[in-house]
Protein chains: 2
Amino acid sequence: MNDRSSDTAAPSGRDYAGRTLSERRAQRRKALIEAGVVIFGDHGFRGATVKAICRQAGLTERYFYESFANSEALFATVYKTLVGDIEHEMRDAVDQAPAEAESMSEAALRVYFAHMARPRVARIVLIEIFGISTRIDRTYRATTLKFAELTEDLTARLFDPSVVNAQGTTPRLLSMGLVGSTIHIAMYWNLNGYRESLDAVVNAALALYRAMAVSMVDTAGHD
Amino acid sequence: MNDRSSDTAAPSGRDYAGRTLSERRAQRRKALIEAGVVIFGDHGFRGATVKAICRQAGLTERYFYESFANSEALFATVYKTLVGDIEHEMRDAVDQAPAEAESMSEAALRVYFAHMARPRVARIVLIEIFGISTRIDRTYRATTLKFAELTEDLTARLFDPSVVNAQGTTPRLLSMGLVGSTIHIAMYWNLNGYRESLDAVVNAALALYRAMAVSMVDTAGHD
DNA sequence: GCATTCTGACATGAAACATTGTCAAATCCA
DNA sequence: TGGATTTGACAATGTTTCATGTCAGAATGC
């Protein structure tokens with residue numbers, strides 16, 4: 001359902017314009033992904049046509065189906081590419097930050113919101129991802145889980161199991177809640193026209209993480 | 001763009017089957033909204049056809065266009081109806097709860113998650129709402145804002161402006177974050193097959209509200 | 001009872017798109 | 001250079017669905 005390796009074309013696979021077949025294919029595929037960011041980001045998934053994407057990529061429809069089975073497959077790839085880049089950059093920022101939960105969290109959040117400041121990326125990652133298909137919904141769930149796990153890694157000590165169980169809830173639900181607060185602040189930021197500064201949204205998201213930390217420490221201390 | 005009052009039909013508007021014209025129209029409209037919950041909830045917005053909705057409602061296509069300009073208009077009405085019911089019931093629960101922030105918050109959250117326990121409602125309100133059109137996106141933003149304001153009303157004292165400004169953020173962003181954490185816990189609950197109990201998700205959401213409250217009080221006290 | 005209106009089943013037209021196919025020009029390699 | 005392949009532009013086909021139209025029969029008020 002995702003990508004295609006070979007299909008209608010190329011019985012021989014010789015060079016063309018100084019590039020091998022696989023190089024040409026990879027380049028076209030990359031162009032389609034970048035065009036997908038533009039078209040999906042500007043018109044949404046529903047408003048995007050294969051023709052418009054190919055036009056943006058400077059390719060014709062035939063090459064679309066060389067790399068992707070349909071526009072949903074391209075969308076899934078676009079989404080995974082964007083999220084993968086963000087995750088990678090976030091992990092780098094965490095590694096380079098002082099080894100302390102607050103600094104690491106702030107570094108990660110700053111990277112996240114810097115990406116969400118790009119309207120096309122924000123629209124794809126925050127809005128368009130929903131309601132396309134159950135398959136894509138599963139991709140979203142998996143992605144969110146990964147970020148929740150990242151959150152749990154970062155702040156593992158905040159979610160002392162005994163404390164958590166005493167409150168009658170689970171660390172997974174709490175970290176999903178924190179991830180959701182971050183996502184939603186970004187969503188509001190985008191839908192409301194980016195009126196707030198980057199610092200403001202980073203601090204708001206961070207305040208919730210900090211509050212959760214403080215709350216946990218307090219609860220543990222008073223027991 | 002939303003609903004229609006009169007159109008192709010009825011130059012006279014006499015009774016039929018013991019009901020006036022407006023009564024019949026209202027009944028058909030209601031049937032369409034209820035059918036919309038089923039069809040949109042089971043197949044999503046993209047997977048829903050006017051024909052399927054009419055079939056579910058026990059009506060023919062003509063009566064669809066009597067009440068709605070297109071399926072997007074029906075979806076908007078379905079969404080507003082569902083959210084309006086939830087909001088109404090939440091406010092009732094808050095009014096009947098002990099006049100104390102934690103009890104009121106818990107009462108409201110319990111109502112919210114009780115509704116989100118219905119898969120069709122959850123899918124429409126949490127998933128399908130996104131990416132249909134910019135108009136619907138605005139509806140979502142307005143709805144979320146209303147819930148953020150409700151949160152702010154409930155916990156006004158938690159968001160002492162001086163405290164908040166000292167943290168370099170705004171109460172609106174914080175309340176949006178809290179609303180987002182609640183929404184996202186519900187989304188996870190739904191996408192993950194409702195594995196957790198109602199109490200567990202209510203407590204997880206409540207923990208974040210409580211944490212924010214504790215954090216604010218602490219910060220204010222230490223200044 | 002009867003002309004009129006309402007209803008439901010189905011037909012029809014129109015538009016948008018995805019996907020495949022055609023073909024001439026560009027490019028390669030031998 | 002010449003045969004083969006790759007590319008790009010565009011046509012063609014088929015499907016889907018919306019939105020409206022048609023029409024016979026049911027129900028109404030007078």
Side-chain angles (χ1 to χ4, degrees), chain A residues 1 3-4 6-32 35-36 39-40 43-76 132-133, chain B residues 1-4 6-29 31-32 35-36 39-40 43-76 132-133:
Chain A
M1 167 82 87
D3 299 12
R4 283 179 176 174
S6 70
D7 235 56
T8 49
S12 86
R14 71 180 184 192
D15 285 11
Y16 200 86
R19 297 175 189 278
T20 69
L21 174 59
S22 58
E23 282 172 347
R24 279 173 278 144
R25 278 196 182 152
Q27 187 171 354
R28 288 193 287 256
R29 186 185 143 91
K30 191 181 169 195
L32 285 167
I39 300 296
F40 290 139
H43 305 300
F45 178 74
R46 270 167 44 81
T49 64
V50 172
K51 185 171 295 214
I53 291 164
C54 293
R55 183 183 182 78
Q56 173 71 30
L59 297 170
T60 59
E61 292 99 309
R62 182 149 57 101
Y63 294 111
F64 184 92
Y65 298 99
E66 176 193 54
S67 286
F68 301 98
N70 49 44
S71 58
E72 181 183 323
L74 172 63
F75 184 86
I132 290 179
S133 71
Chain B
M1 167 85 83
N2 228 346
D3 300 10
R4 284 179 176 175
S6 72
D7 235 55
T8 49
S12 85
R14 70 180 186 194
D15 285 11
Y16 200 84
R19 298 176 190 277
T20 69
L21 174 60
S22 58
E23 281 171 348
R24 278 172 279 144
R25 278 194 181 154
Q27 188 171 353
R28 289 192 287 255
R29 186 185 144 90
L32 285 166
I39 300 297
F40 290 139
H43 305 300
F45 178 74
R46 270 168 45 82
T49 64
V50 171
K51 188 171 293 215
I53 291 164
C54 293
R55 185 183 180 79
Q56 172 73 29
L59 297 170
T60 58
E61 291 98 311
R62 181 149 57 102
Y63 294 112
F64 184 92
Y65 297 100
E66 176 193 57
S67 284
F68 301 98
N70 49 44
S71 59
E72 182 183 321
L74 172 63
F75 184 87
I132 291 180
S133 71

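Fair warning: this is a prediction, and the values are worked out from it, not measured in the lab. Chain identifiers are assigned alphabetically (A, B, ...) following the order of the sequence lines, protein sequences preceding nucleic acid strands; residue numbering begins at 1 within each chain.
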Can you measure [X] atom [atom1] to [N] atom [atom2] for me and round it to whole angstrom units?
| X | N | atom1 | atom2 | result |
| --- | --- | --- | --- | --- |
| A/Leu74 | C/dT19 | CG | C1' | 16 Å |
| A/Arg46 | C/dA16 | CZ | C1' | 13 Å |
| A/Lys51 | D/dA12 | NZ | C1' | 12 Å |
| A/Leu32 | C/dA18 | CG | C1' | 15 Å |
| A/Glu66 | C/dG21 | CD | C1' | 17 Å |
| B/Glu72 | D/dT17 | CD | P | 18 Å |
| A/Phe68 | C/dT19 | CZ | P | 14 Å |

Proximal nucleotide (of [options]) relative to the [X] side chain:
| X | options | result |
| --- | --- | --- |
| B/Arg28 | C/dT7, D/dT7, C/dC17 | C/dT7 |
| A/Leu59 | D/dA19, D/dC18, D/dG8 | D/dG8 |
| B/Tyr63 | D/dG8, C/dG8, D/dT6 | C/dG8 |
| B/Arg24 | D/dA19, C/dC6, D/dT17 | C/dC6 |

- Query: With the sugar-phosphate defined as primed atoms, P, OP1 and OP2, and the base as all remaining atoms, what B/S/- string results for nucleotides 22-28 of chain C, 5' to 3', for protein heavy atoms under 4.0 Å?
  - Reply: ----BBB
Select base, sugar-phosphate, or nothing to describe what [X] touches, counting heavy atoms under 4.0 Å on all strands.
| X | value |
| --- | --- |
| A/Thr60 | base |
| B/Phe64 | nothing |
| B/Arg55 | nothing |

Considering all heavy atoms, the nearest [X]-[Y] contact:
| X | Y | result |
| --- | --- | --- |
| B/Leu32 | B/Phe64 | CD1-CA, 3.8 Å |
| A/Ser67 | A/Arg25 | OG-O, 4.4 Å |
| B/Ala48 | B/Ile53 | CB-CD1, 4.4 Å |

- Just wondering, do A/Glu72 and A/Ser133 contact through their side chains at under 4.5 Å, heavy atoms?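 Answer yes - side chains close enough.
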- Would you say D/dC18 has OP1 or OP2 under 4.0 Å from some side-chain N or O of B/Tyr65?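 Answer is no, no contact under 4.0 Å.
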- Should B/Phe45 and A/Arg46 be marked as a side-chain contact (heavy atoms from CB on, under 4.5 Å) after you check the CA-CA gap, both sets of side-chain angles, and the distance that decides it? CA-CA 11 Å; B/Phe45 178 74; A/Arg46 270 167 44 81; 3.6 Å; yes
- What residues, two or more places apart in sequence or in another chain, satisfy side-chain contact (heavy atoms from CB on, under 4.5 Å) together with B/Arg55?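 For B/Arg55 there are no side-chain contact (heavy atoms from CB on, under 4.5 Å) partners, ignoring immediate neighbours.
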- Given that A/Gly47 and B/Glu61 both sit by DNA chain C, which one's nearest nucleotide is further toward the 5' end?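 That would be B/Glu61.
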- Message: Is it the case that the side chain of A/Gln27 and the backbone of A/Arg24 share a donor-acceptor pair, with hydrogens and angles ignored and the cut-off at 3.5 Å?
- Response: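 Flag not set: sc A/Gln27 to bb A/Arg24 has no pair under 3.5 Å.
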